[in-house]
Amino acid sequence: MANPFHEKIYKLLRKVPKGRVTTYKALAEAAGTKAYRAVGQAMNKNPYGILNCKGENMVPCHRVVDSKCHLHGFAHGLKKKKELLEKEGIRIENNKIVDFEKILHKF
DNA sequence: CGCAGTCTAGCAC
DNA sequence: GTGCTAGACTGCG
């Protein structure tokens with residue numbers, strides 16, 4: 001959270017409730033930018049790893065997918081991401097979100 | 001499938 | 001301090 005950019009991204013992402021997901025596009029637009037890639041960078045470099053979800057400052061980067069509900073890389077591996085999402089009640093099929101539109105959180 | 005657009009972080013000079 | 005490259009993306013051809 002070194003920059004307002006990251007700050008916004010993390011803040012917005014933390015706003016996503018359990019059992020819901022969001023997209024890089026939504027985060028980028030909500031942050032006031034079009035650099036969708038930068039959002040992904042922030043997730044990958046984010047200091048609040050998913051494994052640090054003990055505190056309130058966690059960044060559920062595993063709840064972030066692309067516009068096509070397709071899961072991309074994950075700091076801990078897509079496999080871990082899938083398990084975490086399913087653990088929250090989200091179904092994953094071939095690295096894709098099931099009922100994507102229903103669990104998609106919009107800002 | 002491939003190229004271009006947009007932003008940040010990291011490394012090189 | 002400035003410059004170039006790469007990356008968890010998206011949209012269009």
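Lettering follows sequence order; numbering is per chain, from 1. Values in this document were obtained by computation on a predicted structure and should not be read as measured data.
Atom pair Leu27(A):CG and dC7(B):P shows a separation of 16 Å (rounding to whole Å applied). The NZ-P distance, from Lys68(A) to dA8(C), rounds to 16 Å in whole Å. Leu13(A) has its CG atom 17 Å from the P atom of dA8(C), to the nearest Å. Asn44(A) has its CG atom 10 Å from the P atom of dC9(C), to the nearest Å. Taking atom CD of residue Gln41(A) and atom P of nucleotide dC7(B), one finds them 14 Å apart after rounding to whole Å. Tyr10(A) places its OH atom 13 Å from the P atom of dT8(B), with the value rounded to the nearest Å. Between the CD1 atom of Ile97(A) and the C1' atom of dA8(C) there is a distance of 13 Å, given to the nearest Å. Distance Arg37(A) CZ to dT6(B) P: 13 Å, rounded to the nearest Å.
Note on His6(A): every side-chain N or O is 4.0 Å or more away from OP1 and OP2 of dT8(B).
Among the nucleotides dG5(B), dG10(B), dA8(C), the one closest to any side-chain atom of Asn46(A) is dA8(C). Of the candidates dA8(C), dG7(C), dC9(C), the closest approach to any side-chain atom of Lys81(A) belongs to dA8(C). The nucleotide whose nearest atom lies closest to any side-chain atom of Tyr36(A) is, among dT6(B), dA8(C), dT10(C), dT10(C). Distance from the side chain of Ala35(A) is smallest to dT6(B) among dT10(C), dT6(B), dA8(C). You'll find that the side chain of Met43(A) is closest to dA8(C), out of dA8(C), dG5(B), dC7(B). Comparing dT8(B), dA8(C), dC9(C) by their nearest atom to the side chain of Ala75(A) picks out dA8(C).
A salt bridge is defined here as a Lys NZ or Arg NE, NH1 or NH2 lying under 4.0 Å from an Asp or Glu carboxylate O, and Glu29(A) with Lys25(A) meets this definition. Between Glu7(A) and Lys11(A), none of the side-chain N atoms (NZ, or NE/NH1/NH2) sits under 4.0 Å from a carboxylate O, so this pair counts as no salt bridge.
In this structure, Asp66(A) reaches the sugar-phosphate backbone alone: every heavy-atom distance under 4.0 Å involves primed, P, OP1 or OP2 atoms, never a base.
Under the Watson-Crick or G-U wobble criterion, with both distances below 3.5 Å, dC1(B) is paired with dG13(C). Applying the Watson-Crick and G-U wobble criteria (two distances, each under 3.5 Å), dA8(C) pairs with nothing in any strand.
Using modelled atom types and a 3.5 Å distance limit, the side chains of Lys15(A) and His105(A) yield a donor-acceptor pair.
A residue-by-residue look at Lys25(A) and Gly73(A) shows that Gly73(A) has its nearest nucleotide of DNA chain C further toward the 5' end.
For Phe74(A), the ring-ring contact (aromatic ring centres under 6.0 Å, His included) partners are His76(A), not counting sequence neighbours.
Between Met43(A) and Cys61(A), the shortest heavy-atom distance links the atoms SD-CB, 3.9 Å.
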